[in-house]
**Q** 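Let me begin by handing over the structure; questions about it come next.
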Amino acid sequence: MSTPLERDLIRQSAATLATAIAEGELSAREVTQAHLDRIWEVDDRVHAFLHVDAEGALATADAVDAGRAAGDPLGPLAGVPLALKDILAMKGVPTTCGSRILEGWRPPYDATVVERLRAAGIPILGKTNMDEFAMGSSTEHSAYGPTRNPWDLDRIPGGSGGGSAAAIAAFEAPLAIGTDTGGSIRQPAAVTGTVGVKPTYGGVSRYGLVALASSLDQAGPCARTVMDTALLHAAIGGYDPRDSTSIPDAMPDVVAAAARADVRGMRIGLVRELSGEGYQAGVEQRFREAVEILEHLGAEVVEVSCPHFEYALGAYYLILPSECSSNLARFDGMRYGLRVGDDGNASVEDVMSLTREAGFGPEVKRRVMLGTYALSSGYYDAYYGQAQKVRTLIQRDFDAAFAQCDVLISPTAPTTAFRIGEKVDDPLAMYLNDVATIPVNMAGNCAMSLPVGLAPEDSLPVGLQVMAPPMADDRLYLVGGALEGALLDRWGHLLIEEVPSL
Amino acid sequence: MSAPIPFADAIAEFEPVIGMEVHVELGTESKIFCGCPTGFGAPPNTQVCPVCLGLPGSMPVMNAMAIESTIRIGLALNCSIAEWCRMARKNYFYPDMPKDYQVSQYDEPLCVDGYLDVTVPTDDGPMVVRVGIERVHLEEDTGKLTHAGGATGRIHGADYSLVDYNRAGIPLVEIVTKPVTGTGALAPEVARAYVTELRDIMRGLGVSDVKMEEGSLRCDANVSLNLPGDEWGTRSETKNVNSLRSVERAVRSEIERQAGVLSSGGRVVQETRHFHEDTGTTTPGRSKEHAEDYRYFPEPDLVPIAPSREWVEELRASLPEQPSVRRGRLAEQWGVGEFEMATLVNAGVLDLVVETVAAGVAPDAARKWWAGEFTRIANESGVEPSALAVTPADIGRVEELIASGALNDKLARQVFEAVIAGEGTPDEVVAARGLAVVSDDGALLAAIDEALAAQPDVAEKIRGGKVQAAGAIVGAVMKSTRGQADAAKVRELLLERLGVSEG
């Protein structure tokens, strides 16, 4: 006879599983194995994973079980498995960034995030699919084929971290790591009915995160509940001397905030510019209902204006390509990954060109060319320089808004999940998915997306975004935890329980 | 192609403008952005890690000692130190660069607007030339390429190339002068004196071992010519100038070449040129007619550098004695003039003299050997004097032998030549070659008589009171004794023999 916990093992929260492992109700091995089984069962349809490291994950799980047997203290997530976005270096495990150009590369080192996951006893199930080098909002730009949304396999799971979000939504893992340069954690969370946080820039080490745009990139936690997200955030966050942009100050206690889950007396700002035209009716409806709940929970909701947010997308698409044109220069076929055209006669320049021509997909080439142009002599001031000024203005908008409010809220994405193929040939339409998430990356503060219901017109998840000032990540969890609790009370279950079985 | 014209003619017609870009590898324990060691000569690709290999995901962390050294260099060159500046990425594809961009500095260098006074000897005495310093900035070195196959050792025509990334990420300081004008025929010497002085400053600061032959000090020499009153001409940028001597030769050769081009109605091409030690001339490298666009932008993986004023003042207060001040002190101690000191500096032997004096040799003797014999030997063999295989202890020993009368000056020179040629210590050379002053009066008198008999007319002149003619007989005796006699003793015996006395 199996217990209900064992039968529904993969549907449990990370916190529940960790407790069961710590108390000896479940072994880390059986938890890890159950998720590996689930991956074998459904991932041919979902395609969340690019690589599964069953051996490595089970070895970690066994170490946790052995440690427990020996009486070692276990970390709060010990034995709970995780899906890692394929943009983080993991020693000896293929790391492709969703690109052909890195096919076959096995890093000789661990990212700091991976080191911390290992130290926390978290088995890493494998590497998840993503838009190539994190450029995209649908995971359709992966060189290895798209990931599908567990809510509707014909739809996109968001991007660039669609693999991580889909893995969680399909119960292939209770936890995942994403990275967020313009919304790549939050928008996938929104369209898959899961939770995702972009921490404050500098709050989680970027060492070992293959850079898309260094001044915007931030790794962060993904899970199905606010508390699980907080536990993972705490496990990976904090100062790292190997990342010069890492913040030395102690990070706020996000787990305590998720447990407190209280918005009483909080002032919440509703960003006027992040609504209206372009936002799907069902998205706005669920968002408004969530606002009413927050008011009901004791928060004061006011409208604020951030007038420069409308320039954020344009400025972002100058800064990001500029930095990425430089960051991606190293993929030249000389040292690792793909090499094309080295026939013994071709010059170094030819081999570099042929390798990059064959190894990069169209979206990467588009952005590398945009960035090369924007940084060119004679254009730098007009493009990169001006974009940096816009960035300052966006920061000032946030400063002014946070002078009045504790947090700001908006819909995470203007629409629910669209169909695979619908926007892949229209870059501008694709870019607009991130219109509400980009300002936070530009300013360097933090934000969360959490599910607030299904849009009536298509029965697909809608995400709400909470934004907080830099190093006030705990406020995200106060608001997220309170809202999640109220919705749980209303529905009697988490939204993710409504995902169709695969 | 027009032929170069002789230097004197070139200078008679044209005015040279020179500028120097010097790269100095800092002698920090670890690399600029990671903990890898920086020692020279390790097997290829053994001093590397994910950071200096630029592996995907790796990130730089600034070496605080590299910043401190750069600021100290800036202060020693009388520069202003920026209150806030950033590193920048210089983007270009080349296989010696792990990231295909170099982390350098662009429009926000750490140190700006300084100067360095250098002294060059002229016929009218020493001349002080103030060389303006445009900027001093910090950057990372690239890997080292070795091109195999092909005739030139350059990338074009090579069968394949090997890359050693041990050097990638070694902190490098670039020191750029302002254009130096008005030096005329002295331009080559000013260039050399500047690099020499700079090297001495680096050495005094202890920031680098400044070994040109190992590439820890590398110099690019920029030269242009213009007619008096005209605007400055197009400049060339000569690379691969790997010794102090080559700095002078490269500038001289470029002046001769460009004068040849201009005199025949040609146009100087803006390009890099490679200096060749063997021929002392340059050949064309990369054209710079169409400036490459490096797409500089601030390095987002590093935080800005903001040295506090207090720290800068602390560093300023702890700077060592400036080489020029040190030279003044030494000149006073040794009792020599400015001209003499400038000669020692420009010959690159000042520190060698100091070491030799420290080993107990009299300053006059130490200076005489280094500025004279050793500099000549070094020039003839095309090496730096410091590379000669002669030690202060050798000089001390030879001086002892001279003082005891066992060697004379001429024999001492032979001893040193043999020591430098690797034949052993001075005592071993003396023994092996049988070098010793002939002090037996009988043997000398026999030689004198022989010489007098061979030149009876000279003997007659001396007897008649023309004492100055004695030199011919002394010379003949020295020749017949193969230099092993003491010339003063020969003269004394000769005059005694002929019954005359010194005027």
Side-chain angles (χ1 to χ4, degrees), chain A residues 87-89 95 97 102 105 107-112 133 205-211 213-217 240-246 319 322-323 325-337 344 347-349 351-353 356 371-380 384-385 388, chain B residues 33-35 45 48-51 53-64 86-103 106-107 143 145 147 149 155-161 163 165 168 290-305:
Chain A
I87 198 167
L88 285 136
T95 299
C97 300
L102 269 178
W105 183 57
Y109 77 106
D110 275 339
T112 297
F133 288 108
S205 171
R206 289 190 294 122
Y207 186 80
L209 191 179
V210 180
S214 310
S215 71
L216 301 162
D217 295 344
D240 176 14
R242 286 179 294 187
D243 173 358
S244 303
T245 61
S246 169
I319 291 171
S322 296
E323 292 185 11
S325 71
S326 175
N327 282 328
L328 269 58
R330 72 191 68 191
F331 303 106
D332 61 6
M334 293 297 113
R335 289 162 295 270
Y336 42 77
S347 69
V348 159
E349 290 87 348
V351 172
M352 284 181 175
S353 293
R356 290 166 70 81
T372 303
Y373 184 72
L375 288 177
S376 295
S377 161
Y379 298 94
Y380 179 91
Y384 189 79
Q388 290 293 6
Chain B
F33 299 134
C34 62
N45 298 309
V48 294
C49 75
V51 175
L53 285 177
L55 292 186
S58 66
M59 292 180 68
V61 177
M62 179 58 86
N63 181 334
R86 289 176 293 188
M87 303 301 288
R89 290 189 187 175
K90 180 180 184 178
N91 294 287
Y92 65 103
F93 285 88
Y94 211 67
D96 64 2
M97 285 211 304
K99 304 182 289 291
D100 286 311
Y101 59 81
Q102 181 189 27
V103 180
Y106 178 49
D107 50 358
L145 282 170
H147 304 295
I155 193 164
H156 293 291
D159 293 335
Y160 62 91
S161 303
V163 200
Y165 291 112
H290 305 285
E292 189 159 353
D293 187 349
Y294 292 118
R295 293 172 281 116
Y296 283 100
F297 72 104
E299 165 59 282
D301 282 334
L302 290 168
V303 290
I305 304 166

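Because the structure is predicted, anything quoted here is derived from the model rather than measured. The figures here come from the full heavy-atom set of this structure, side chains too, leaving out hydrogens, waters and symmetry mates. Proteins come first, then strands; the chains are lettered A, B, ... in the order of their sequence lines, and each starts at number 1.
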**Q** What part of B:Phe297 gets closer than 4.5 Å to chain A, counting heavy atoms only: side chain, backbone, both or neither?
**A**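 For B:Phe297, backbone and side chain are both near chain A.
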**Q** To the nearest 0.5 Å, what is the distance between CE on A:Met352 and OH on B:Tyr94?
**A** 9.0 Å
**Q** Between A:Gly208, A:Ser215, A:Ala111, which residue shows the highest count of heavy-atom pairs closer than 4.5 Å to chain B?
**A**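 It is A:Gly208.
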**Q** Would you please say whether a donor-acceptor pair under 3.5 Å links the side chains of B:Asn91 and A:Ser326?
**A**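 Looking only at side-chain atoms, A:Ser326 and B:Asn91 do form a donor-acceptor pair, the distance falling under 3.5 Å.
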**Q** Find the distance between OH (B:Tyr294) and OG (A:Ser376) and round it off to the nearest 0.5 Å.
**A**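 The OH atom of B:Tyr294 sits 14.0 Å away from the OG atom of A:Ser376.
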**Q** Look at the side chain of A:Arg330 and the backbone N and O of B:Pro98, then say whether any donor-acceptor pair between them is shorter than 3.5 Å.
**A**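 No.
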**Q** For the pair B:Asp100 and A:Arg335, find out whether any cationic side-chain nitrogen is under 4.0 Å from an anionic carboxylate oxygen.
**A** yes
**Q** Just do the side chain to side chain contact (heavy atoms under 4.5 Å, CB included) check on B:Ser58 and A:Tyr109 with the steps written out, would you?
**A** CA-CA 9 Å; B:Ser58 66; A:Tyr109 77 106; 4.2 Å; yes
**Q** Most heavy-atom pairs under 4.5 angstrom with chain A, which of B:Leu53, B:Val51, B:Leu55, B:Val303?
**A** B:Leu55
**Q** Can you tell which part of B:Tyr165 gets under 4.5 Å to a heavy atom of chain A, answering side chain, backbone, both or neither?
**A**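 Only the side chain of B:Tyr165 comes within 4.5 Å of chain A.
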**Q** Closest heavy-atom contact between B:Pro50 and A:Tyr207?
**A** CB-OH, 4.1 Å
**Q** Contact part of A:Tyr380 toward chain B, heavy-atom cut-off under 4.5 Å: side chain, backbone, both or neither?
**A** side chain
**Q** Could you tell me which portion of A:Pro241 (side chain, backbone, both or neither) has an atom closer than 4.5 angstrom to a non-hydrogen atom of chain B?
**A** backbone
**Q** Below 4.5 Å, heavy atoms only, C-beta onward: do A:Phe331 and B:Pro56 meet side chain to side chain?
**A**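 They are in contact (side-chain heavy atoms under 4.5 Å apart), so the answer is yes.
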**Q** Out of A:Thr112, A:Asn327, A:Leu102, return the one with the most heavy atom pairs under 4.5 angstrom to chain B.
**A**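 Sorted descending by pairs with chain B, the first entry is A:Asn327.
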**Q** How close do B:Lys99 and A:Ala329 get, counting heavy atoms only, and between which atoms?
**A** O-CB, 3.8 Å
**Q** Can you confirm whether A:Arg242 sits close enough to B:Cys34 that some side-chain heavy atom of one is under 4.5 Å from a side-chain heavy atom of the other?
**A** no
**Q** Counting C-beta onward and ignoring hydrogens, is there a side-chain heavy-atom pair between B:Phe93 and A:Arg356 closer than 4.5 Å?
**A**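 With C-beta onward as the side chain, the pair touches.
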**Q** Non-hydrogen atoms of chain B under 4.5 Å away: do they reach the side chain of A:Thr372, the backbone, both or neither?
**A** both
**Q** Please classify the contact of B:Asp301 with chain A as side chain, backbone, both or neither, using a heavy-atom distance under 4.5 Å.
**A**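 Looking at B:Asp301, backbone and side chain both touch chain A.
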**Q** Roughly how far, to the nearest 0.5 Å, is the OG atom of A:Ser244 from the CD atom of B:Glu299?
**A**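 The OG atom of A:Ser244 is 8.5 Å from CD of B:Glu299, to the nearest 0.5 Å.
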**Q** For B:Arg89 and A:Ser214, what are the C-alpha separation, side-chain angles and deciding distance, and is it a side chain to side chain contact (heavy atoms under 4.5 Å, CB included)?
**A** CA-CA 12 Å; B:Arg89 290 189 187 175; A:Ser214 310; 3.6 Å; yes
**Q** Please rank A:Asp243, A:Asp217, A:Thr245 by heavy-atom pairs under 4.5 Å with chain B and give me the top one.
**A** A:Asp243
**Q** Who among A:Ile87, A:Val210, A:Leu88 has the most heavy-atom pairs with chain B under 4.5 Å?
**A**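 Ranked by heavy-atom pairs under 4.5 Å with chain B, first place is A:Val210.
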**Q** Flag yes if more than 12 heavy atoms outside A:Tyr379 fall under 6.0 Å of its OH atom; otherwise flag no.
**A**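 Open.
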**Q** With side chain to side chain contact (heavy atoms under 4.5 Å, CB included) as the criterion, how do B:Arg295 and A:Tyr373 come out once you've worked through the C-alpha distance, each side chain's angles and the decisive distance to 0.1 Å?
**A** CA-CA 9 Å; B:Arg295 293 172 281 116; A:Tyr373 184 72; over 6 Å; no
